[in-house]
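All heavy atoms count here, side chains included; hydrogens, waters and symmetry mates do not. To find a chain, count down the sequence lines: A is the first, B the second, and so on, and within it residues start at 1.
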Number of protein chains: 2
Amino acid sequence: MNEAPRISRQFSLCMVMEAIVHCGPISRASIAKQTGLSKQTISEIARQLEEDGWIRETGRTTGHVGRSAVTYEIVPDAACIATVDLGGTKVRAAIADLSCQVLAEVTEPTDERGGIHVIRQMARLCREAADLNNITYEKMRMAVVGVPGAPDQEKGRIAMSPNVTGFDTLDVRATLAGELGVEVILENDVNLAAIGEHWIGSVAGVDDLAYIAIGTGIGAGLMVGGELVRGFGNAAGELGFLPFGTDPFEAESLQVGALERVTATVGIRRRYKELSGTELDVPGIFDALQAGDAHAVQVLDETARYVARAVAAICAITNPGKVVLGGSIGSRMELVERVRDLLPLCFPSPVELDVSELGARVAIVGGAAVGLTHLHATLFSGGIPGAEITLPPARVVKLVEAAQ
Amino acid sequence: MNEAPRISRQFSLCMVMEAIVHCGPISRASIAKQTGLSKQTISEIARQLEEDGWIRETGRTTGHVGRSAVTYEIVPDAACIATVDLGGTKVRAAIADLSCQVLAEVTEPTDERGGIHVIRQMARLCREAADLNNITYEKMRMAVVGVPGAPDQEKGRIAMSPNVTGFDTLDVRATLAGELGVEVILENDVNLAAIGEHWIGSVAGVDDLAYIAIGTGIGAGLMVGGELVRGFGNAAGELGFLPFGTDPFEAESLQVGALERVTATVGIRRRYKELSGTELDVPGIFDALQAGDAHAVQVLDETARYVARAVAAICAITNPGKVVLGGSIGSRMELVERVRDLLPLCFPSPVELDVSELGARVAIVGGAAVGLTHLHATLFSGGIPGAEITLPPARVVKLVEAAQ
DNA sequence: TAATAAGTTCGGTAACAGAACGAACTAAAA
DNA sequence: TTTTAGTTCGTTCTGTTACCGAACTTATTA
């Protein structure tokens, strides 16, 4: 890439790249038709892109009348990004290449020592994931890390991250960037999940959506018009603080959140113990439900009622076209079906409710989407507003499970 | 404007227009410095714009060393738009010109016959507002109409519009467009209010905000990242259906909305009657409050509690940087101050809460913002994404009250 | 008159469109 | 099977638009 190509050239280049990324192997003549640019311009740009190693010839067309055309495709391993999902118990890492494939994924239990150890672990997993796909590490351009809590992009710290010790004071972003040698983007894991589902999950194509994660806590990732809603203080989607469930004016609600107290793990377990006298963990309560335990049924019904109200609250405020439930509790069909039945009773217009399609991988996929968008922007659109390359639809992406 | 100017020229033209719109009378040399384009290019574009009648010479600079510069400004009456606020009781219309001034405003009681009569009334008021400013009617390019309820852009109808009869079946958009002879945009009045406050109101410059209107009903206009949140079915901000206040699972809540029943006009009056036995209208209840009526105090306190919870719900979901209250009830300081006191008790992080600055005019101003943005886009940016002209800040806009 | 800034004129270059043309391929006629 | 017509691909060439930068002219202040 030269010093400063003219704005119109950058625009054309973007259109060409978008055509190639989206339409797989494609001839120059087709690109010309699709973009409206002249054949001559396309040839010029293609020559440049091939010289710089971003695209390559891939074959020729045959079978139809007329001269056969040379087809071009992205060089998948010309560049790649890493995506990491840092959970309280597990760390997942994957590589996504320039052709928007999400490649082999590596998983490990989170290093319990926390702090710098976890950062080194993430860096190591990124390298391992790259090795697994025979991608030379130097091709990596950036890493996206999904973390619980609210990351502060400037200071690189992560506020409200109860699961990993030491991340509230350490500059996670800079430290990891140092270890990896590339730019690092931190993002809330639920936000990434929303982006992932929007890209190739159960809400693909719907630009107004909500992803609700219910597990240790309750939180949502929201998209409006295809853009993530971050909020003024990066605190959008903090459903735990919705003012119902318990009395929001109780002092305790300022700590844990009125709704969080009754819909998340702790609340469910407490309620079950109150009713039955027995201590069970959440999977245990779901097992009891299957076995016909009346207390479990009651707890689940109550929880579903609160979740339905949370969904109603989101619908009243942002009116998404689809709502996805996820997280260890939110992805249980027993809960989803109850919520589905209750929603029409507390909200006037019908709401499409679905379970997360990508399951535990959703944040990884979302991170890949974020990383690839950034990658395309920096490599090809040259910072020109309105010249973004949209990610190709689901069909080109496949997930490869790596043996551990 | 020629057939199809090259994309780079369109871009440059936009930058030049933006500089002139924002920086008032400005010399070509200054534009060159600001935009980074060469002096030669600016002269060329300025010549073109002057020929087409969009800008004109306005004077020369003096006082500093060097040759004096010719300054240019927008020709304000080269084009204009009309903006109408259609309320249940009043219709307001105003004209906004190309230099982003909102000019004289005309008000009338809404024609009670409804339907086509109201449409003719709006058309007449637009013409009157133009006449008042000696703007020839032919210069008008489009009209923006703020309406209660949810307008359907395609069919031109307005769903849920209880205040004007016949608007749920009539193609309001097409009919008014026919009467006026220009394109018409319909928009929810609360959404326009949010846009108005964002442009030159109490949240100017804050890109994540909520405008809550409390009056006959309760509704919100939301902006995220400077963009309006419309929602999948144009139903974002329907706060009346937030699932608290009354039991959201009651059948009645599907009709009127659990929260609407206790925070809007009817709910407040009902509650006051329950407590005191006396029937009063809302202004009367506020008067009683001033007079120290204990029942009025209790009703207002309860209402403020519900409003605080509604604000908390919005903050939990979209986390705006500022929240504005408006509408006949929402703009009463007695209520705003109570809500301000209650918010820290039910939401953990501090929330900036303000009253609407533009009062009854807020929708008119919002409509002007929408219309002018469209006008600039169609006239100068030629449909190129990322080449939008942002509206100039508040200082250039003044409101002129027209004698009725 | 010197310094400075505004604005114009004059090459030179990048980017693109469109026409013309050669190359490669298919299918149907000889 | 060979030839030929028709079709599409891709390149070359030419002309236009848009831009920049340097040199130059003009106007103004000190």
* Using a cut-off of 4.0 Å between protein heavy atoms and nucleotide atoms, how would you tag nucleotides 11-17 of chain D 5' to 3' with B, S and -? -> BBB---S

* Asked: Given that A:S8 and B:V70 both sit by DNA chain C, which one's nearest nucleotide is further toward the 5' end?
  -> B:V70

* Considering only side-chain heavy atoms of A:A29, which listed nucleotide, C:dA6, D:dC9, C:dA17, is closest? -> D:dC9

* Structure fact -> Taken in chain and number order and not counting sequence neighbours, the residues that satisfy side-chain contact (heavy atoms from CB on, under 4.5 Å) with B:V224 are A:V229, B:D208, B:V229

* Asked: How close or far is atom C1' of C:dC16 from atom CD of A:Q48, stated in whole angstroms?
  -> 16 Å

* To do: State whether a side-chain donor-acceptor pair under 3.5 Å links B:Q101 with B:D97.
  => no

* DNA chain C: 5'-proximal contact among B:A69 and A:I45 (nearest heavy atom) -> B:A69

* To do: Write down the distance between CG (A:L37) and P (C:dA15), rounded to a whole number of angstrom.
  => 13 Å

* **Over 12 non-hydrogen atoms of neighbours within 6.0 angstrom of CD in B:E227** => no

* May I ask you to check whether B:H376 and B:T390 show a side-chain donor-acceptor distance below 3.5 Å? => no

* Asked: D:dC19 P sits how many Å from B:M15 CE, rounded?
  -> 10 Å

* Structure fact -> B:S8 meets the side-chain hydrogen bond (donor to acceptor under 3.5 Å, both in side chains) criterion, sequence neighbours left out, with none

Pairwise N/O distances under 3.5 Å, protein to nucleotides 26-30 of chain D:
| unit_1 | atom_1 | unit_2 | atom_2 | d |
| --- | --- | --- | --- | --- |
| D:dT26 | O2 | B:R67 | NH1 | 3.3 |
| D:dA27 | N3 | B:R67 | N | 3.3 |
| D:dT28 | OP1 | B:S68 | OG | 3.4 |
| D:dT28 | O4' | B:G66 | O | 3.4 |
| D:dT28 | O2 | B:G66 | N | 3.3 |

* With sequence neighbours excluded, what pairs up with A:V75 under the side-chain contact (heavy atoms from CB on, under 4.5 Å) test? -> A:R56, A:D77, A:A78

* To do: With heavy atoms under 4.0 Å as the rule, sort B:I42 into base, sugar-phosphate or nothing.
  => nothing

* To do: Taking side-chain contact (heavy atoms from CB on, under 4.5 Å) as the test, write out the residues that go with B:A69, two or more places apart.
  => B:S27, B:T61

* Asked: Any side-chain donor paired with an acceptor under 3.5 Å for A:E44 and A:Q40?
  -> yes

* Asked: Just how far, in rounded Å, is P of D:dG10 from CD1 of A:I26?
  -> 11 Å

